[in-house]
Amino acid sequence: MSDDERKDETSGEAESESRGVYQRFRRVFGDGHSRSSDARKRAKRESGATTPFGGGRDPEGLGSVVDALTASLGWNSPLAQSELLASWAEVAGEETAEHSTPVGIDEGVLTVRCDSTAWATQLRLMRVQIVTQIATRYPDAGIERVRFEGPGVPSWKRGPRSIPGRGPRDTYG
């Protein structure tokens, strides 16, 4: 066998091997030249989404679109909490709302400041009704408890930094 015949035979084997690899890639990944990127995106869409009057083309109301957006972004709880604070008069009643103001919500606890200790006591007695109203109207708010405070006078017995003991009387005499 001559050198020219050997070269033709080895180049033929290399050519058939590369052609086989190419054909396999084409079967697995498809022909990239035949479709543009837009055509590939359109091919992946759902079957009814591109037809007129199909399932994916129906108009939706603004409320349902905004509700879906707030749910997907996780804004339901903060929006429900702010709505609760804004509509305190409806939850607690008009007369009660005149003498109480919701201060804020921290870790599921709604804090309400009252005009006097008498109103704070009255609201403590109404706690079950108020929490039930909140749970039925604003379930996404995540309110577990309601804390009622009297007017802003200093208290040495309660608070986040209190310790057991006699308090400020220890320093006198």
Side-chain angles (χ1 to χ4, degrees), residues 22-155 157-162:
Y22 173 74
Q23 293 297 333
R24 174 154 170 72
F25 278 160
R26 193 168 176 190
R27 275 193 315 265
V28 171
F29 298 111
D31 188 13
H33 299 292
S34 66
R35 294 188 295 175
S36 66
S37 64
D38 289 339
R40 282 181 290 225
K41 288 178 187 174
R42 282 192 304 269
K44 291 180 184 177
R45 287 190 183 154
E46 298 158 5
S47 61
T50 58
T51 60
F53 307 108
R57 308 272 303 202
D58 290 337
E60 295 184 31
L62 185 61
S64 64
V65 171
V66 171
D67 287 344
L69 178 67
T70 57
S72 68
L73 294 175
W75 292 349
N76 282 346
S77 181
L79 287 175
Q81 290 175 357
S82 64
E83 201 172 322
L84 166 65
L85 296 178
S87 64
W88 174 248
E90 296 172 11
V91 173
E94 292 293 327
E95 185 181 359
T96 306
E98 290 176 11
H99 299 283
S100 63
T101 306
V103 178
I105 300 171
D106 187 31
E107 296 179 7
V109 178
L110 170 64
T111 305
V112 178
R113 176 136 322 127
C114 301
D115 291 348
S116 66
T117 55
W119 275 104
T121 303
Q122 179 65 29
L123 287 173
R124 283 186 195 108
L125 295 173
M126 296 173 50
R127 182 186 319 255
V128 174
Q129 290 91 354
I130 291 173
V131 170
T132 305
Q133 279 277 353
I134 292 171
T136 55
R137 287 187 180 196
Y138 306 102
D140 291 337
I143 303 298
E144 299 169 1
R145 295 183 334 189
V146 180
R147 188 175 82 205
F148 299 104
E149 296 178 346
V153 295
S155 171
K157 290 293 184 180
R158 294 190 180 100
R161 295 186 180 93
S162 67

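Every value quoted in this text rests on a predicted model; they were computed, and no experiment measured them. Values below: all heavy atoms of this structure, side chains included; hydrogens, waters and symmetry mates excluded. Along the sequence shown, residues are numbered consecutively beginning with 1.
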**Asked** Where do W119 and T96 come nearest, in terms of heavy atoms and distance?
**Response** CZ3-CA, 4.1 Å
**Message:** Does any part of the side chain of R137, heavy atoms only, come nearer than 4.5 Å to the side chain of E90, both counted from C-beta?
**Reply:** yes
**C114 to A120 - nearest heavy-atom pair and separation** = SG-CA, 3.6 Å
**Asked** Which pair of heavy atoms, one from A97 and one from A89, lies closest together, and at what distance?
**Response** CB-CA, 3.5 Å
**Request:** Give the minimum heavy-atom separation between V112 and S100, together with the two atoms involved.
**Result:** CG1-CB, 3.7 Å
**Asked** Roughly how far apart are H99 NE2 and E95 CD, rounded to 0.5 Å?
**Response** 6.0 Å
**Request:** Might you confirm whether atom CD of E107 has over 12 heavy atoms from other residues, nucleotides or ligands at distances under 6.0 Å?
**Result:** no
**Asked** Could you walk me through whether L85 and L110 pass the side-chain contact (heavy atoms from CB on, under 4.5 Å) check?
**Response** CA-CA 9 Å; L85 296 178; L110 170 64; 3.8 Å; yes
**Stepwise side-chain contact (heavy atoms from CB on, under 4.5 Å) check, R124 with T121** = CA-CA 5 Å; R124 283 186 195 108; T121 303; 3.9 Å; yes
**Request:** Using the test salt bridge (Lys or Arg N to Asp or Glu O under 4.0 Å), find all partners of R147 that sit at least two apart in sequence or belong to another chain.
**Result:** E149
**Point-to-point distance, once rounded to the nearest 0.5 Å, from CG of L84 to CG of L79** = 12.5 Å
**Item:** Any side-chain heavy-atom pair of T111 and D106 under 4.5 Å
**Value:** no
**Asked** Taking it one step at a time, do I130 and L123 satisfy side-chain contact (heavy atoms from CB on, under 4.5 Å)?
**Response** CA-CA 8 Å; I130 291 173; L123 287 173; 3.8 Å; yes
**Item:** Spacing of M126 atom CE and F148 atom CZ [to the nearest 0.5 Å]
**Value:** 7.5 Å
Show every donor-acceptor pair shorter than 3.5 Å between a side-chain atom in residues 138-146 and any protein atom, with sequence neighbours excluded, or say none if there are none.
unit_1, atom_1, unit_2, atom_2, d
Y138, OH, S87, OG, 2.5

